[in-house]
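Worksheet: one structure, shown below.
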Amino acid sequence: MTSFTDIYTLSNGVQIPCMGFGTYNAKGGDNLAINRTAIEAGYRYFDTASLYETERVLGQAVRESGIPRKEFFIVSKLWHDERGYHEAKDAFARTLDRLQMDYLDLYLIHWPRGMEGDTDWKEKDLDTWKAMEELQAEGKIRGLGLSNFLPHHIEPILNNCKVRPVVDQLEIHPGYTQEAAVRYCQEHEIRVQAWSPLGRSAMLEHPVLKEFAEKYQKSVAQICLRFLVQKGIIPLVKSSSMDRMKQNQDIFDFEISVEDMSFLDNMPQNTWLGEHPDYAIPKKRSNFEQ
Ligand code: A2P
């Protein structure tokens, strides 16, 4: 990748921007303003989810921009309690309604399983996937994907699907590189995306990353993002400021050396955000209808 506007071609032929903008965690009026600013800053790939409660404002920002829908790449996800054949179809309809759009570029299962008591999570994921395959066949989704799926969650899908997943979205940043899952995805032509590429900003004060920033004359955030891009991983970065939104795009004029990449790949594990598909307690969506 040599510029912010470069693209990857997914295994189903769909083209995806090499960086996306995450819409998690800034709500209400602020979030509308943030999305508007992100569009102005040049972002066209937006990542949302029913959990985030940002679909409505994202749709509004896209409409109000006057930029044609097809120039955007819009991704959303269904939540734990939206898994299941009928549940997924209903969830998708709600998502399109909130976005006020007639198709998604990608639709993902947000997490592979609910927690306690979700003993039939494999069957539920497969039922969900079947519904998503049908929605794609109806022309409403351009590609199907996964989020927070580890190899043992992906395997049942690959063994039973008609349509293969084209992406998997994982928490990845220096200090939490999930090498085994990344390798598995790469072996199965599933493009990896990184959520919280800055470790929810916890990485920004890391002394070694600060040294790297000094060495490359870039910010720590830029080091984290460049690290991912050099690994062929799509960062989904969030920011509320135009300056930082632009700064985060400015990572294509330098190269992290092979030696430094190895160092970053092999840092001690740190700043894991504490959410694991097999152990974390799922959040409850606060308000389904936003
Ligand atoms: P802000 O909105 O003030 O820019 P992550 O994507 O890993 O979850 O991290 C998101 C956090 O990182 C946000 O709080 C955001 O704060 C901050 N952030 C994003 N870009 C930068 C940057 N270039 N420099 C410093 N902080 C950043």
Side-chain angles (χ1 to χ4, degrees), residues 4 17-49 51-54 57-58 61 73 75-77 108 110-111 147-148 167-178 181-182 192-231 233-254 256 264-265 267 269-276 280 283:
F4 172 68
C18 68
M19 281 181 81
F21 189 81
T23 66
Y24 183 46
N25 232 356
K27 292 186 181 171
D30 274 350
N31 207 48
L32 176 60
I34 289 169
N35 284 317
R36 281 181 179 144
T37 309
I39 293 171
E40 208 185 315
Y43 289 93
R44 294 294 177 268
Y45 171 3
F46 286 85
D47 181 81
T48 182
L51 175 82
Y52 302 167
E53 302 178 16
T54 53
V57 287
L58 172 60
F73 196 92
V75 180
S76 194
K77 319 182 191 78
L108 320 183
H110 206 146
W111 290 85
S147 175
N148 302 297
V167 299
D168 189 15
Q169 198 177 114
L170 300 165
E171 178 188 347
I172 302 179
H173 44 76
Y176 194 62
T177 48
Q178 303 219 49
V182 169
V192 176
Q193 314 179 304
W195 61 261
S196 278
L198 313 178
R200 229 160 262 167
S201 76
M203 292 310 292
L204 301 178
E205 295 305 316
H206 194 286
V208 175
L209 293 187
K210 281 179 156 177
E211 274 176 35
F212 276 33
E214 183 71 27
K215 172 175 173 183
Y216 289 98
Q217 289 294 290
K218 287 283 176 181
S219 71
V220 172
Q222 288 170 316
I223 297 289
C224 291
L225 297 170
R226 179 72 204 181
F227 166 70
L228 293 166
V229 166
Q230 282 186 218
K231 288 166 71 68
I233 293 173
I234 299 174
L236 302 169
V237 69
K238 302 186 285 283
S239 178
S240 54
S241 101
M242 173 65 99
D243 281 355
R244 288 189 289 281
M245 287 176 192
K246 291 231 181 232
Q247 183 201 116
N248 293 343
Q249 297 172 7
D250 180 22
I251 57 166
F252 296 92
D253 60 350
F254 77 111
I256 301 174
L264 293 172
D265 267 328
M267 278 171 67
Q269 297 280 292
N270 62 58
T271 66
W272 169 53
L273 293 172
E275 293 166 11
H276 188 285
K283 291 186 191 69

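Keep in mind that what you see is a predicted model, and the values were worked out from it rather than measured. Remember, it's 1-based here, ligands and their atoms both numbered in the order they're listed.
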If you have a sec, work out which protein heavy atom is nearest [atom] and how many Å separate them, to one decimal?
{"atom": "atom 20 (N) of ligand 1", "result": "N248 ND2, 2.9 Å"}
{"atom": "atom 24 (N) of ligand 1", "result": "R244 CD, 3.5 Å"}
{"atom": "atom 11 (C) of ligand 1", "result": "S201 CB, 3.8 Å"}

(message) Please determine whether ring-ring contact (aromatic ring centres under 6.0 Å, His included) holds for the pair H206 and F212, giving the CA-CA distance in whole Å, both sets of side-chain angles, and the decisive distance to 0.1 Å.
(response) CA-CA 10 Å; H206 194 286; F212 276 33; 9.3 Å; no
Those atoms of ligand 1 less than 4.0 Å from some heavy atom in [X]:
{"X": "S240", "answer": "1 (P), 2 (O), 3 (O), 4 (O)"}
{"X": "P197", "answer": "6 (O), 7 (O)"}
{"X": "R200", "answer": "5 (P), 7 (O), 8 (O), 9 (O)"}
{"X": "A221", "answer": "22 (C), 23 (N), 24 (N)"}

(message) Below 30° counts as parallel, above 60° as perpendicular, anything between as tilted: where do the rings of W272 and H276 land?
(response)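 It falls in the perpendicular class, over 60°.
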(request) Assign the ring pair Y52 / H110 to parallel, tilted or perpendicular, where the plane angle (0 to 90°) is split at 30° and 60°. (result)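 Plane angle over 60°, so perpendicular.
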(message) With a 4.0 Å cut-off on N to O distance, would you call R226 and D250 a salt bridge?
(response)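 Result for this pair is no, no salt bridge flagged.
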Compute the shortest N/O to N/O distance between [X] and ligand 1 and return yes if it is under 3.5 Å, no if not.
{"X": "G199", "value": "yes"}
{"X": "S241", "value": "no"}
{"X": "L198", "value": "yes"}

If we set the cut-off at 4.0 Å for heavy atoms, which region of [X] has an atom near ligand 1: side chain, backbone, both, or neither?
{"X": "S196", "value": "both"}
{"X": "L204", "value": "side chain"}
{"X": "K238", "value": "both"}
{"X": "S219", "value": "neither"}

(message) Testing the 3.5 Å rule here: is there a donor-acceptor pair between the side chains of Q193 and Y45?
(response)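 Yes, because at least one side-chain N or O of Q193 sits under 3.5 Å from a partner of the opposite role on Y45.
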(message) Checking T48 against T54: is there a side-chain donor and acceptor pair closer than 3.5 Å?
(response)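 Yes, because at least one side-chain N or O of T54 sits under 3.5 Å from a partner of the opposite role on T48.
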(request) Determine, step by step, whether I172 and W195 satisfy the side-chain contact (heavy atoms from CB on, under 4.5 Å) criterion, reporting the C-alpha distance in whole Å, the side-chain angles of both residues, the deciding distance to 0.1 Å, and the verdict. (result) CA-CA 6 Å; I172 302 179; W195 61 261; over 6 Å; no
(message) Tell me the closest heavy-atom pair linking Y43 and M245, and the distance in Å.
(response)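 Smallest heavy-atom distance, with atoms named: OH-O, 2.8 Å.
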(message) So which atom in F4 and which in G42 form the shortest heavy-atom distance, rounded to 0.1 Å?
(response)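 Scanning both residues, the minimum pair turns out to be CE2-O, 3.5 Å.
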(message) Looking at ligand 1, would G22 count as a contact under a 4.0 Å heavy-atom criterion?
(response)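 Heavy atoms of G22 never come under 4.0 Å of ligand 1.
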(request) Check D47, I234, N148 against Q169 for a side chain to side chain contact (heavy atoms under 4.5 Å, CB included) and give me the one that passes. (result)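 Option passing the side chain to side chain contact (heavy atoms under 4.5 Å, CB included) with Q169: D47.
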